[in-house]
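By convention in this document, chain letters (A, B, ...) are assigned in the order of the sequence lines, proteins followed by strands, and residues within each chain are numbered from 1.
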2 protein chains.
Amino acid sequence: MMIVGEVPNVTPSSNGKPPPPVPTLERLATYHRFLVDLSHAQVETISSAEVERQTGINAAQFRKDLSYFAQFGKPGVGYNVVDLRDRIARILKIDQDQKLILVGAGNLGSALVGYPGLKEHRFNLVAVFDNNYGKIGRPLWNLEIMDVTRVKEVNQQHRARIAILAVPSVSAQMVTDLLVAAGIRAILNFAPVMLRVPDTVFVRNVSFLQELSVLSYHLSADPPFDGLSILRELDDHGNMAETD
Amino acid sequence: MMIVGEVPNVTPSSNGKPPPPVPTLERLATYHRFLVDLSHAQVETISSAEVERQTGINAAQFRKDLSYFAQFGKPGVGYNVVDLRDRIARILKIDQDQKLILVGAGNLGSALVGYPGLKEHRFNLVAVFDNNYGKIGRPLWNLEIMDVTRVKEVNQQHRARIAILAVPSVSAQMVTDLLVAAGIRAILNFAPVMLRVPDTVFVRNVSFLQELSVLSYHLSADPPFDGLSILRELDDHGNMAETD
DNA sequence: ATGCATTTGTTACGTATTTCACAATTAGCT
DNA sequence: AGCTAATTGTGAAATACGTAACAAATGCAT
Ligand SMILES: NC(=O)c1ccc[n+]([C@@H]2O[C@H](COP(=O)([O-])OP(=O)(O)OC[C@H]3O[C@@H](n4cnc5c(N)ncnc54)[C@H](O)[C@@H]3O)[C@@H](O)[C@H]2O)c1
Ligand SMILES: NC(=O)c1ccc[n+]([C@@H]2O[C@H](COP(=O)([O-])OP(=O)(O)OC[C@H]3O[C@@H](n4cnc5c(N)ncnc54)[C@H](O)[C@@H]3O)[C@@H](O)[C@H]2O)c1
């Protein structure tokens, strides 16, 4: 048994090479998004140095991240934007439709169900569940909210492997157990609790309160509001003037 | 100038000691939440070993995290739950009301405005902004949506230092510049883009698509849906049976 | 009061991740 | 074809982070 905060470092198709670090995988998704934008802007090729300039991610980091998978670029030239975009999509398996289910059709869950970014990344939300009888049977965007107790039965049809969990903290573990029993192998958890899952199941936690707390800490050295003194040093894009 | 993915490692009140790693700060927020729950359950004291059992975070890690700040526990006894909870709150500056503003009263923004967890952590949302004239002037929960062009003016009143950014990617940089000009020092960014900010401003990104992509990658070694074979090994809490 | 079982705080160690630095590769130019 | 400027891919060095191990501190039982 395992209690999960981070995803365990397992290699898909365990070969000889060292598995890519999880931070590399996270950045891969960032690169993908960035490359999508570049491709829309008709940019043909890009160098690692230019990636650094535009994203702030160190150029060597970018190259090393890619090196875990294959060779993508041409020395002296750079990377073909469309090619790299598609190859990263293949690595992350966001090049083909992937089914998702969601539990918890509340405030946050409803926002997620209507989020077009999911489709754009080929995540296909196929079912939404709740335990509130006032909600079950009602439509949410293009889906009908279903009884959470039917999740196993319903997922025998869909065979989704990823679930989004957007229920209150107190219910999160209970629902997780249902999801695991329904064959779910990966959970994106929005409740601020650590879930207990078998070690065959991956969990990633999203916690805004945690993020806000970290920001709050970082401000704690500062005066409550530094007035507008700093603003005099800023150009009209809000950036520091005169810095390289 | 700096383009931010992670928060730079600056110590509040730069003294001699090494600054706490950012992962430590993230876990601190997790401990705080956990301690709140324990205090509600009337638990008086807890040992690092028990923290490990209940959260999955290594006991030595827990002790080391705390050691960056002060001594909190008694050897042979453990930690006083309420005391530790409050001292972590002080470290993260979530022991006193902290003003927030939010830009982007869309799907996600609306869910966030109504999120009671904010108040519980003493984050006090004081103003909401949008650029859609159909929304400006309308109420959202207990606030009135204001014109984003007024953000600087309005924040001269409130003097909030933290902003939540929930606008579409294309607008994110533009709005960020307004926020910086309005004296905002920390941004929680939900748009899947890297923001350019002066290095006096902290940014943390929240990206579900990135999280989903990492999960997607981890499943890529597996068969599409591993049927129910695995379920035979699970007890009725969905946990692996017979694993230590 | 002493001894024992427990648990902390911290130093030392090990692993993971990032950054550096450079040989190797490519395209364009003459 | 050979030279040049640009840029990759990658081992090696540097940094950051996590884990283990243990002396010091505490409370409890006798
Ligand atoms: N709203 C936000 O902006 C926000 C932000 C950060 C984190 N979160 C977290 O996300 C989760 C959901 O937040 P929310 O604001 O949407 O809450 P909510 O109360 O609006 O929605 C929760 C939904 O879950 C359903 N639910 C409760 N128990 C259930 C169960 N056992 N099975 C199935 N469904 C069940 C409820 O009926 C409700 O529809 C919470 O854990 C919250 O802490 C929310
Ligand atoms: N909805 C989700 O569940 C979800 C999930 C992940 C990420 N996101 C991200 O969060 C952001 C918001 O998503 P959403 O679904 O709420 O979008 P949305 O379109 O529902 O809302 C965006 C809001 O921002 C406002 N806006 C646009 N330009 C603005 C500007 N220049 N100044 C002020 N306000 C402006 C719009 O009027 C709208 O009200 C997007 O970047 C999206 O990618 C959303």
Side-chain angles (χ1 to χ4, degrees), chain A residues 2-11 16-28 30-31 43-81 83-84 87-88 214, chain B residues 2-11 16-28 30-31 35 43-81 83-84 87-88 91 214:
Chain A
M2 203 183 56
I3 304 174
V4 176
E6 277 302 311
V7 165
N9 213 349
V10 185
T11 332
K17 285 173 284 184
V22 172
T24 290
L25 298 173
E26 294 172 355
R27 282 188 297 269
L28 234 45
T30 303
Y31 303 148
V43 178
E44 297 245 335
T45 64
I46 190 160
S47 69
S48 60
E50 188 59 22
V51 169
E52 174 164 352
R53 242 164 283 143
Q54 293 195 40
T55 68
I57 296 172
N58 179 287
Q61 180 82 79
F62 175 77
R63 296 198 301 274
K64 179 155 272 248
D65 284 340
L66 297 181
S67 78
Y68 286 103
F69 302 97
Q71 279 151 218
F72 297 93
K74 281 189 186 163
V77 181
Y79 302 84
N80 180 286
V81 169
D83 176 57
L84 185 57
R87 292 175 73 179
I88 292 178
V214 173
Chain B
M2 202 182 58
I3 303 173
V4 175
E6 278 302 310
V7 165
N9 214 349
V10 186
T11 333
K17 284 174 283 185
V22 172
T24 289
L25 298 174
E26 294 171 354
R27 283 188 297 271
L28 235 43
T30 303
Y31 303 148
L35 290 163
V43 178
E44 296 244 335
T45 64
I46 190 159
S47 68
S48 61
E50 188 59 24
V51 169
E52 173 163 354
R53 240 165 284 141
Q54 295 195 39
T55 68
I57 296 172
N58 178 287
Q61 179 82 80
F62 176 76
R63 296 198 300 274
K64 178 165 249 238
D65 284 341
L66 297 181
S67 77
Y68 285 102
F69 302 96
Q71 280 153 215
F72 299 92
K74 280 191 186 163
V77 181
Y79 301 83
N80 179 287
V81 169
D83 176 58
L84 184 58
R87 292 176 72 179
I88 292 178
I91 291 166
V214 173

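Residue Arg27(B) places at least one side-chain N or O under 4.0 Å from the OP1 or OP2 atom of dG18(D). Regarding contacts with the backbone of dG9(D), every side-chain N or O of Gln71(A) stays at 4.0 angstrom or more from both OP1 and OP2. Side-chain nitrogen and oxygen atoms of Ser48(B) include at least one within less than 4.0 Å of the OP1 or OP2 phosphate oxygen of dT8(C).
Here the P atom of nucleotide dT19(C) and the CD atom of Glu52(A) are 9 Å apart, to the nearest Å. What separates CD1 of Ile57(A) from C1' of dT17(C) is a distance of 14 Å, to the nearest Å. Separating the NZ atom of Lys64(B) from the P atom of dA12(C) is a distance of 11 Å, rounded to the nearest angstrom. The nearest whole Å value for the distance from the CG atom in Leu84(B) to the C1' atom in dT8(C) is 13 Å. The CG-P distance, from Leu66(B) to dG18(D), rounds to 14 Å in whole Å. Protein atom OH of Tyr68(B) is 16 Å distant from nucleotide atom C1' of dT8(C), rounded to whole Å. The interatomic distance linking Phe62(A) (CZ) with dT8(D) (P) rounds to 8 Å, in whole Å. In this structure, Leu25(A) atom CG and dA16(C) atom P are separated by 15 Å, rounded to whole Å.
Annotation: Phe62(B) is in aromatic contact with Tyr79(B) [ring centroid separation under 6.0 Å].
With dT11(C), dT10(D), dT8(C) as the candidates, the nucleotide lying closest to the side chain of Arg63(B) is dT8(C). Nearest nucleotide to the Gln61(A) side chain, out of dT19(C), dA12(C), dT10(D): dT19(C). The side chain of Asn58(B) lies closest to dA20(D), out of dT8(D), dT19(C), dA20(D). In the set dG9(C), dT19(C), dT11(C), the nucleotide with an atom closest to the side chain of Tyr79(B) is dG9(C).
With values rounded to the nearest 0.5 angstrom, Thr24(A) atom OG1 is found 7.0 Å from Phe69(A) atom CZ. Asn80(A) CG to Glu44(A) CD: the interatomic distance, rounded to the nearest 0.5 Å, is 7.0 Å. Atom CD1 of Ile46(A) sits about 5.0 Å away from atom CD of Gln54(A), to the nearest 0.5 Å. Atom CG of residue Leu35(B) and atom CZ of residue Arg87(B) lie 12.5 Å apart, to the nearest 0.5 angstrom. Residue Arg53(A) holds its CZ atom at 9.0 Å from OG of Ser48(A), rounded to the nearest 0.5 Å.
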What's touching nucleotides 24-29 of chain D from the protein side, N or O pairs under 3.5 Å?
unit_1	atom_1	unit_2	atom_2	d
dT26(D)	O4'	Pro75(B)	O	3.4

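For Tyr68(B) against Pro21(B), the heavy-atom pair with the smallest separation is CZ-CD, 3.4 Å.
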